[in-house]
Amino acid sequence: MKKILILLLTAIFAISLLFMGVGCKEKVSGEVEVFSWWTAGGEAEGLQAMIDIFNEKYPDVEFINATVAGGAGVEAKPVLISRLTGGDPPDSFQVHAGHELIDTWGVGDYLEPVNFIFEEEGWYDVYPEDMISILSKGDDILSVPVNIHRSNVLWYNKAVFEENGIEVPTTFDEFFAAADVLKAAGITPLAMGEAWTATHLFENVLLGVVGADDYVGLMDGSVKWDSDGVKEAIQTYVDILDYVNADNSALGWDEAAQYVIDGTAAMTVMGDWAEGYFKSKGLTPDVEFGYVPSPGTSGIFMALSDTFCLPKGAPNRDAAIAWLKICGSKEGQDAFNPIKGSIPSRTDADISLYDVYLKSAIDDFGSNIITPSIQHGAAVSETWLVAIGDVITLLLADKDVDAAAAALQAAADENL
Ligand code: GAL
């Protein structure tokens, strides 16, 4: 009798475990719509690597990969704004850590804090405090990071440099000297793309000319945007534009990077998602392409982080949480980042999975001065970024250094 009772209890326990989903794949069903702008080479494959893990773990959930093409989210962000303000949030969306997250979506009360996921998953032990602070509004953690990207990289075609007998530039003087040789040889020295990539180049030149301290001071108002240092940076930027492909406004960042692959251009200044792109085209770091910090920025790591969040009113909240658990996990990050061209935001990644460039980025992130990217949401709010972007677009056309400096200061006054 006692034996039968024990057997019965064991059976009931086993059946209830099965229903709770313990010991088997987690029981979440329905669908999950994840919104991002990762459609280019490298970024699309990186995202797919995380989706594959999701599909493996949650076979009953249909993954809706809701991408809106356009680098840096220039096309995706307006769509997102109208969806969120219209009460039609996706289940999760891509957003940059820092001011884009906190001052844009954080203030609008659009996001559910994800502290509970950090607790459940033990993430307080594997994410550095600095990382958690750029995800947080007060005590509320508003998003889950998947990576850290570096924005200040000059990528170059190694064969083009060798064939033209020039050294890879690390200063602006060296850049202009190399660019003159390349231009004379009929090669575009620097490939640039559409408007946001011009702002991306500008943040790099700004950092390279004014240095890390003043760059950071510009974001908190202690340094003026119409100071002599910034004017020198704007003038340097205007001078660089003489060495850029004429069709820039018609190209995405990846198409500009393709010019470097093809050898019609020698260099491009882009975040390290370009590394993901080069690799997606079959290239190997240090073989066909090389990389150095953009001119004047050695020892500085201009950082940004891609994250995914939990919008309030997400139609499939449980599945969204399941997705976020993959994004923040070691497994998810170690599958995503080596393909994406970014480094993990966790401290416990398997470094052996990362290539020579990414290993160097991991080292630099640990030893360099860290500055926040303007174009990619770390340093400024979305509103301020749009204002800076407008100034740069005008500058491309009129090359008026003083007017740009004044307009940048006005943008800071309005947003600080
Ligand atoms: C950045 C984003 C990167 C990469 C890039 C180009 O804003 O942080 O992950 O996707 O845009 O699309």
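We count ligands from 1, going down the list as the structure has it; atoms in each ligand are counted the same way. Residue numbers start at 1 and run along the sequence shown. Keep in mind it's a predicted model, so treat the numbers as computed, not measured.
- Residues Tyr124 and Glu119 come closest through the heavy atom pair CE1-CG, 3.6 Å.
- Interface atoms of ligand 1 facing Leu304, defined by a heavy-atom separation under 4.0 Å, are 8 (O).
- Between Phe63 and Trp323, the distance from one ring center to the other falls under 6.0 angstrom.
- Where the criterion is an N or O separation shorter than 3.5 Å, residue side chain and backbone included, Asn147 fails it with respect to ligand 1.
- Note: Trp38 and Phe308 meet the aromatic proximity criterion, with ring centroids under 6.0 Å apart.
- Taking every heavy atom of Gly71 and a limit of under 4.0 angstrom, the matching atoms of ligand 1 come to 12 (O).
- Residue Asp306 has at least one N or O atom closer than 3.5 Å to an N or O atom of ligand 1.
- The ligand atoms of ligand 1 that sit less than 4.0 angstrom from a heavy atom of Lys340 are 3 (C), 4 (C), 9 (O), 10 (O).
- Looking only at atom types and distance, the side chain of Asn157 has no donor-acceptor partner in the side chain of Tyr259 under 3.5 Å away.
- At under 3.5 Å, a nitrogen or oxygen of Ala72, whether backbone or side chain, sits near a nitrogen or oxygen of ligand 1.
- A salt bridge does not link Glu331 to Lys325: none of the charged side-chain nitrogens sits closer than 4.0 Å to a carboxylate oxygen.
- Residue-ligand proximity, His96 to ligand 1, at heavy-atom distances under 4.0 Å covers atoms 1 (C), 2 (C), 7 (O), 8 (O).
- Taking distance alone, with nitrogen or oxygen atoms compared against 3.5 Å, Trp38 approaches ligand 1 more closely than that limit.
- Residue His376 approaches ligand 1 through these ligand atoms, each under 4.0 Å from one of its heavy atoms: 1 (C), 7 (O).
- Closest protein heavy atom to atom 10 (O) of ligand 1: Glu43 OE1, 2.6 Å.
- The ring of His96 has its center closer than 6.0 angstrom to the ring center of Trp37.
- Annotation for Ser345 and Asn147: closest pair OG-N, 3.6 Å, computed over non-hydrogen atoms.
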